[in-house]
There are 2 protein chains.
Amino acid sequence: MKTKKEVTIYDIAQKLELSSATVSRGLQDHPAINKNTRKRIQETARELGYRHNNFASNLRKQKTNTIGVLVHELNSNFITSVLAGIEKITTEAGYDLIIAHSSESSVKEAANAVNLFHKRVDGLIASLAFDTADLSHFGLFEEKGIPVIFFDRVEEKGESTKVIIDNYKCGYQATQHLIEQGCKRIVLVTANLKRNVYAQRHKGYADALYDNNIPFHKKYVLIKDLSEQCGVEAAMEILKMNPLPDGAFITNDFSAAVCMQTLKDHGVRIPEDIAIVGFNNDAIGKIIEPQLSTIDYPGIDMGEIAARNLINHLKGLSNIKHTNTIVIRSNLIVRESSQRKK
Amino acid sequence: MKTKKEVTIYDIAQKLELSSATVSRGLQDHPAINKNTRKRIQETARELGYRHNNFASNLRKQKTNTIGVLVHELNSNFITSVLAGIEKITTEAGYDLIIAHSSESSVKEAANAVNLFHKRVDGLIASLAFDTADLSHFGLFEEKGIPVIFFDRVEEKGESTKVIIDNYKCGYQATQHLIEQGCKRIVLVTANLKRNVYAQRHKGYADALYDNNIPFHKKYVLIKDLSEQCGVEAAMEILKMNPLPDGAFITNDFSAAVCMQTLKDHGVRIPEDIAIVGFNNDAIGKIIEPQLSTIDYPGIDMGEIAARNLINHLKGLSNIKHTNTIVIRSNLIVRESSQRKK
DNA sequence: GATTTTTATACAACCGATTGCAATATGAAA
DNA sequence: TTTCATATTGCAATCGGTTGTATAAAAATC
């Protein structure tokens with residue numbers, strides 16, 4: 001446990017007979033310092049095993065070099081990809097990450113926001129919980145001028161910057177596809193319509209029906225929580241319907257997989273009896289049988305774009321106040337679960 | 001962008017006509033400070049909107065209050081659970097987390113270790129990459145007396161503290177179960193045998209065969225990377241074997257699912273022709289058909305235990321040097337994919 | 001009433017890097 | 001040779017808590 005003393009810029013300064021100011025600047029390649037001196041400083045630093053002290057630096061600079069990430073859950077493929085994208089960019093830019101998840105509770109989300117605020121993150125990237133309606137817990141950031149970027153689950157009304165996909169288009173496409181496969185009684189399994197992503201998908205669904213002269217029935221819209229259990233529940237409700245629906249758009253692949261499984265257990269043939277489209281292009285979709293049609297959207301790009309915008313803003317290269325909404329590409333992948341016409 | 005001035009202990013001190021030292025102690029409920037004064041200090045702090053400055057504090061205390069977590073990947077259910085467990089405990093104890101993943105590359109793992117070292121984490125929780133053989137990149141931590149706890153993927157020889165499951169027992173149990181179902185030609189699909197978890201599972205497999213007088217054949221052991229692709233490859237290799245194997249123990253549920261899928265596509269009946277057991281009890285196992293038998297082990301407990309031990313050590317409540325190995329419970333879950341006898 | 005002990009608070013150094021401004025040196029232009 | 005611009009480097013304050021030690025006041029002991 002012989003904790004060796006840490007090497008500081010003062011040690012380097014002493015060894016080279018320079019001032020600590022020069023060493024500090026030299027380590028950052030400050031142009032005011034002679035090129036040769038800079039080299040000597042950096043060499044000596046390496047030699048002595050110097051490591052930069054973020055705390056001293058942050059304290060002085062009044063910046064934390066840390067970005068907070070606030071997500072609803074960590075357990076989906078999609079979120080993991082987004083995080084990977086964020087991490088890639090922030091790491092390159094030398095920022096640290098603090099990741100917090102709210103377990104789909106807006107109360108916990110608010111607590112996490114406050115917590116990250118106290119940790120003094122330089123910026124925040126967030127995706128809202130199902131039921132977050134009021135963004136007041138982000139007001140703290142606003143007040144202090146700390147930039148916040150939302151992705152995927154956002155508040156549409158707000159003027160904050162957001163990175164999203166065109167959920168309306170996705171909903172429309174999925175529904176249109178089912179209609180083209182001959183479906184007339186299409187169930188929509190989705191979550192809280194107050195959340196933008198579900199509201200938009202719902203709107204796309206409804207409009208596609210309308211454009212094809214198919215009546216919209218409220219009973220075909222099942223609002224769930226998109227959990228494992230919900231897949232079973234949705235299936236049971238579908239089975240009780242008479243006549244049986246012939247199509248289902250389930251806005252989450254995992255739930256869709258469970259639902260499909262349950263329907264099959266009850267003798268329903270997929271896609272002959274009911275054609276199914278999921279959402280997210282989770283790896284699971286290719287493993288189950290039949291393989292699941294779904295909407296693909298690139299989490300990693302979403303993460304990268306959100307992070308890049310935030311960092312450019314922090315570096316003063318751009319201003320997110322000028323960019324309101326960034327829309328990422330997305331598209332329908334047709335697999336067996338919905339393909340009735342070759 | 002009216003960045004209001006931050007409130008410091010000096011502001012509180014001034015308002016209450018106390019010294020900053022007293023305020024600092026008061027905020028931490030230091031017993032030397034009069035109870036009444038403490039209350040006044042804390043009230044004023046709240047009133048003024050004071051937030052503690054970690055950087056100043058860390059700088060002075062020479063502690064970061066941060067724990068590093070180094071994992072091979074973020075994409076599995078298991079790892080996510082472990083992280084949830086770690087997060088729960090560390091958050092309770094007021095520690096921050098920095099999470100780094102090595103993408104199964106020991107080179108990147110080493111780079112991450114160095115990085116976390118420079119970030120001055122107070123402690124480290126790590127699970128090794130497939131091919132990490134030499135732990136020298138953890139030497140930095142050792143030298144500085146920074147505690148490191150390994151979990152799941154560990155180096156058995158090392159004297160560092162580890163939290164693991166009994167992989168030998170699991171391998172034995174799974175194999176024994178397949179034998180009891182009448183399997184005689186059992187394939188093992190696993191990863192790099194240099195990594196403890198796979199070595200032990202392999203040993204359990206081999207011993208179970210031996211104890212049941214079933215010859216061990218090297219050709220039945222397929223070393224893969226447990227990716228999606230590997231499931232397909234394994235299936236193709238199995239299909240080429242003559243006679244066809246009648247059982248498979250695949251040490252990862254996702255790979256097992258893909259493998260099973262591929263086998264089914266080629267007309268193999270599960271479990272009638274080949275009985276299959278996976279590993280990890282991933283959610284996927286209950287969705288696929290037939291449902292997958294697997295080994296369940298509680299990631300969340302592993303995370304909690306690792307974190308708790310580390311924190312107790314940091315707080316001086318215990319010393320991890322005294323605890324070498326902690327073994328978590330695990331057990332076989334039998335589902336349809338391996339059940340041939342009623 | 002004098003002395004010791006306890007309680008409560010203040011003083012001041014410290015953690016390590018950053019940065020505006022001053023100072024010095026060097027070289028070029030006048 | 002003097003003057004001015006430019007290139008380098010140093011000075012010293014600053015960021016905001018923490019903590020060992022000193023001090024003062026109050027309480028307890030003899």
Side-chain angles (χ1 to χ4, degrees), chain A residues 3-42 44-45 48-66 94 96 117-120 122 144 316, chain B residues 3-42 44-45 48-66 94 96 117-120 122 144 316:
Chain A
T3 306
K4 266 177 274 172
K5 195 77 181 330
E6 284 292 337
V7 178
T8 71
I9 53 169
Y10 300 100
D11 300 321
I12 301 175
Q14 190 166 36
K15 177 147 185 186
L16 294 175
E17 299 187 313
L18 288 169
S19 75
S20 64
T22 303
V23 174
S24 173
R25 293 191 173 100
L27 286 170
Q28 305 171 65
D29 260 333
H30 195 291
I33 305 298
N34 185 293
K35 228 175 191 170
N36 206 31
T37 314
R38 275 186 275 180
K39 209 175 136 203
R40 280 168 55 226
I41 290 171
Q42 285 162 19
T44 311
L48 262 44
Y50 166 79
R51 39 178 197 162
H52 179 83
N53 189 318
N54 274 311
F55 305 106
S57 171
N58 289 341
L59 175 58
R60 176 60 224 245
K61 290 197 294 193
Q62 299 285 68
K63 292 187 46 199
T64 66
N65 245 59
T66 300
D96 277 346
F117 178 69
H118 279 125
K119 295 256 169 67
R120 306 187 188 212
D122 288 340
K144 274 255 165 18
Chain B
T3 306
K4 266 176 276 170
K5 196 73 180 331
E6 285 291 339
V7 178
T8 71
I9 53 170
Y10 298 101
D11 300 320
I12 301 174
Q14 191 165 35
K15 176 147 186 186
L16 294 175
E17 299 188 310
L18 286 169
S19 77
S20 65
T22 302
V23 174
S24 173
R25 292 194 171 101
L27 286 169
Q28 304 170 64
D29 261 332
H30 194 291
I33 306 298
N34 185 293
K35 228 172 190 172
N36 206 30
T37 313
R38 274 186 277 182
K39 207 173 139 204
R40 280 168 55 225
I41 290 172
Q42 285 162 18
T44 311
L48 262 43
Y50 167 80
R51 41 178 194 161
H52 179 82
N53 189 319
N54 272 311
F55 306 106
S57 168
N58 289 342
L59 175 58
R60 176 59 224 240
K61 290 197 294 192
Q62 299 285 67
K63 293 189 44 198
T64 65
N65 245 55
T66 300
D96 278 344
F117 178 69
H118 279 125
K119 295 257 168 67
R120 305 186 189 213
D122 288 340
K144 275 256 167 8

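Keep in mind the model is a prediction, meaning the values are calculated, not measured. Note: hydrogens, waters and symmetry copies are ignored here, and every other heavy atom, side chains too, is used.
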Expected string for nucleotides 17-24 of chain D under the B/S/- scheme (protein heavy atoms, under 4.0 Å, primed atoms plus P, OP1, OP2 as sugar-phosphate) is BBBB----
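- If you check residues 32-42 of chain B against DNA chain C, the residues with a heavy atom closer than 4.0 Å are B/Ala32, B/Ile33, B/Asn34, B/Thr37, listed by number.
- In the model, B/Gln42 has a side-chain atom that pairs as donor or acceptor with a side-chain atom of B/Asp29 under 3.5 Å.
- Between A/Leu59 atom CG and D/dG16 atom C1' there is a gap of 6 Å when expressed in whole angstrom units.
- Annotation: side-chain contact (heavy atoms from CB on, under 4.5 Å) contacts of A/Lys15 (sequence neighbours excluded): A/Thr44, A/Glu47, A/Leu48.
- With sequence neighbours excluded, the residues that form a side-chain contact (heavy atoms from CB on, under 4.5 Å) with B/Ser24 are B/Ile9, B/Gln28.
- Computed from coordinates, the B/Gln62 CD to C/dC14 P distance equals 14 Å when rounded to whole Å.
- Of the residues listed (B/Asn58, B/Asn54, B/Asp122, B/Asp96), the one engaging B/Thr64 in a side chain to side chain donor-acceptor pair (under 3.5 Å) is B/Asp122, and it is the only one.
- Of the inter-residue distances, the one linking B/Ser19 atom OG with B/Arg25 atom CZ reads 8.0 Å to the nearest 0.5 angstrom.
- Using a 4.5 Å cut-off on side-chain heavy atoms (C-beta onward), B/Tyr50 and B/Glu6 make no contact.
- Comparing the axis of the opening five pairs of the helix from C/dG1-D/dC30 to C/dA30-D/dT1 with that of the closing five pairs yields an angle of 50°, rounded to 10°.
- Heavy-atom minimum distance, B/Gly94 versus B/Asn65: O-ND2, 2.9 Å.
- Put simply, OG1 on A/Thr22 and CG on A/Leu16 are 10.0 Å apart, with the number rounded to the nearest 0.5 Å.
- Protein atom CD1 of B/Ile12 is 12 Å distant from nucleotide atom P of D/dG16, rounded to whole Å.
- Once rounded to the nearest 0.5 Å, the distance linking NE2 of B/His30 with CZ of B/Arg38 reads 9.5 Å.
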Between the protein and nucleotides 24-27 of chain C, are there any N/O to N/O pairs under 3.5 Å, and if so, what are the atom names and distances?
none

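- The CG-P distance, from B/Leu16 to C/dA10, rounds to 10 Å in whole Å.
- B/Thr8 OG1 to B/Gln14 CD: the interatomic distance, rounded to the nearest 0.5 Å, is 9.0 Å.
- Taken from NE2 in B/His118 to CG in A/Asn53, the straight-line distance is 11.5 Å, to the nearest 0.5 Å.
- For the pair A/Leu27 CG and C/dA17 P, the interatomic distance rounds to 8 Å; values are reported in whole Å.
- Between A/Lys63 and A/Arg120, every side-chain heavy-atom pair lies at or beyond the 4.5 Å cut-off.
- Atom OG1 of A/Thr66 and atom CZ of B/Phe55 lie 5.5 Å apart (nearest 0.5 Å).
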